[in-house]
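By convention in this document, chain letters (A, B, ...) are assigned in the order of the sequence lines, proteins followed by strands, and residues within each chain are numbered from 1. Side chains included, hydrogens not; waters and symmetry mates left out as well; all remaining heavy atoms used.
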Amino acid sequence: MSEFLEQFLLEARELVEQASDDLLALEEKPDDIVRLESAFRAFHTLKGAAGIVEFAAMGRALHAAEDVLSSVRAGAEPVTTDLIGACLTCLDQVVRWLDAIEVDGQPPADADRSADAVVGRFEAQGRAPRSARGSEGRRGPPSGWAGELLARHAAAGVRAAAAVCYTPDPGCFFRGEDPVARVAALPGLVVLELQPTRPWPALDALDPFACELTLLALVSGTVQEAERLLHPVRDQVDIQPVAVAGGADDAPGALTPAARALLEAQIELLGNRAPDEGSAGRLASAGRVATNVLRRSGRPNEAQELERVLTRSQAAEAPGVLVSALEEILNGTFGVASEEAEPAPLEGREAAARALRVDVERIDALVRLTGELTVAKNGIAHVAGLALGGTDAKTLGATLKQHYEVLDRLVGELQQAVLSVRVLPLGQVFHRFPRLVRDIGASLGKPARLVMDGEATEADKAIVDALFEPLLHTVRNAIDHGIEGPDERTARGKPQPATIHLRAAREGEHVVIEVADDGRGIDLARIRQVAAERQVASTETLAAMTDQEVSELIFTPGFSTADRVTRLSGRGVGMNAVVAAVERIGGRVALKSRPGEGTTVRFTLPFTVMLTRVMTVEAGGQVFGIPFDSVVETARVARERIMPVGAARAFVLRDRTLPLIDLAHALGGTDVRPSGPEADIVVAAAGGHQAGLEVERLGTRMDVMLKPVDGLLAGLPGIAGTTLLSDGRVLLVLDLQEILR
Amino acid sequence: LTVRLASGSVIELEGICPIEDAEPLLRHLLSIPHATVDWRACEQAHTAVIQILLAAGVPLRGPPAGAILRDHVAPLIATAAKRAE
């Protein structure tokens, strides 16, 4: 891919983000002029960018949106949910195109069709085909206009042989042009439509001498005749032959009764059932059957569209989305319409390896450091020269120490600088959520808005990139399970729409992210019931659990149905998948719930994955590192207080019984029972378990750059990574999650 | 003139209405909020005149004399008038 195109993709994505942000803000505050201007500018710039890479279809789609926004700016049109929805759909399409370009290096072949769909959506809202005229240079209506015209006049269309679309240029009256008379003069006029090219302004703002009409006509005369008569205005006219049978050439094949029956059966299958364990399976199967039916009926495009609808439906866990699409297929309104019914959430987009945008200052810092390092290197050469020249050891040592100090400072700064290059604001993940919350809320019938806080908080790129999925699950869970339905909210006197708070803050070495909803809180009785049913814990254990412990049961594997956990696509996974994802990047998840007031899920993440704080311990005569995040405390316990429990051992710490694991033994070494009267124990927690690890000696804390294990060590269980110690030894850092399991 | 203000709030269009009728028609419509346009005698109208009728969504007294106006234009204006209500 050319550098030029890469730049385009990068900027276009940023503009799409900007525009989405503005649109959503605008939906909330329709009279926010600043946002409106900003959205308009973003669309305008995007359109310009599309023009530069000569992607006409994208330019056309954006032009339609820009037109609408410009009439909003002019005060000719109010901001409606529909309008915002249409603009967002347009952006969705742009993102799909960008994705395609990123993969193939060129726009997809069906770009024009998709652009027509976008333009069509704006038109469907009573906005006129002026937007359809296309970006600068391309005049002419969308390719589907003839079919639509015929569809509107099915009866009269039978007599038609040609369809005419004539958009006179606004100044044509001054040239003595009378467009209606010109079209009326066509032989065999069957149907005439006059559409405004934009919503009519107030009457006192109407310019009587500017032609703002598009003329659509069906004539029974031939195309050739029409072309001849309209020759003087040929650049403003599109003439298409019409099949006498009535119907555009790309009209899909009709559905056979058998196909209809099959589709109806799928609707019935999905119809009004309470969600249960089989929901996801039913949805997938119904979607598959319906797609196949469409393919067999010779409607590949609709089949493809339905697949997209299915994905959306699954993502939102809302079978209703698919049902309404199937209904549309049956009554023939499926297609463009389904796109507008519900804008596709963007969540399907996997975070591809993207370029990193770095503040110039940070790069400058690196350049400066490199310069200083070069100077330091030359200094060493000078010392080497001194050594060779026979300078005495003491002077040499002092000089060397001086140089070491300089190098030490520089390397430290370099490390900081390199790390800071990888640091990104969390806003990069957050900004995708306002849109998602809107869409998920809409698809579940629970209107919700998102309030963000601390988007400027920074974290390592690896963390930021890995955060999207767990956050998405959490947010969806919050809307799906946390927030009450609109009626219940009203009954409880809660504000409408519901609010989801997404907060981020830096707390020391950690970044804390909270997802809070103002819903009903966790239904403890229901959790106990489900946990018992699914045998997550025994009845006795459940009875003994505190409320907090019970609520955290939703993190337990097996609490969600197994079928959901194994699905990798990142949809419909249970909360335990969230915990797993967060722990993979070294974080922890906690939960706080207040009945009737809401639930807060709190992620505590390391600021950077590159520097890991470990504590060293000795076991089996070797030094190991334990991730400091997992260490709860260290304790020295008298041996007589360690009790054998079956084959294992346990000890009591502050009235709590904890299993005791001999670390050397657990790592496959021999039991070297230390003889001292007291055992050194590291109490650690990982993966929801707590246990004591008996070690021979407690070491120190240190920050290390953790390298993933590879080569021969890769297969070793219980090792999270390695790092080099100051004396050149390799330190193995343990994966406590595996050891405690 | 082929466009003129008749008694009360009725604007009449008559014969073949050229583009020159557009501006007076618009002026009349602006000065009379609830005008009705009587175009029974109208045989032809310039696009600019039709455009004003469409944009204003004004109620019409018809049918007009011209065939094109009667068969094709009148229904469109009627729809626009309904929308304007």
Please classify the contact of [X] with chain A as side chain, backbone, both or neither, using a heavy-atom distance under 4.5 Å.
X       : value
B/Ile68 : side chain
B/Ile52 : both
B/Ala45 : backbone

Provide the closest heavy-atom pair for A/Pro208 versus B/Ala48 in the form atom of the first, atom of the second, distance. O-CB, 3.7 Å
Contact origin within [X] toward chain B - heavy atom pairs under 4.5 Å:
X        : value
A/Val183 : neither
A/Leu215 : neither
A/Ala210 : backbone

Paired with A/Leu206, the side chain to side chain contact (heavy atoms under 4.5 Å, CB included) test is passed by just one of B/Leu29, B/Leu30, B/Leu26, namely B/Leu26
Quick one: donor-acceptor pairs under 3.5 angstrom, chain A versus chain B?
residue, atom, partner, partner atom, Å
A/Glu177, O, B/His46, NE2, 3.2
A/Asp178, OD1, B/Thr47, N, 3.0
A/Asp178, OD1, B/Thr47, OG1, 2.3
A/Val180, N, B/Thr47, OG1, 2.8
A/Ala210, O, B/Gln51, NE2, 2.7
A/Glu212, N, B/Gln51, OE1, 2.7

Heavy-atom pair count under 4.5 Å with chain A, highest-scoring of B/Leu54, B/Ile77, B/Val49: B/Leu54
Which residues satisfy the side chain to side chain donor-acceptor pair (under 3.5 Å) test with A/Glu37, sequence neighbours excluded? A/Arg73
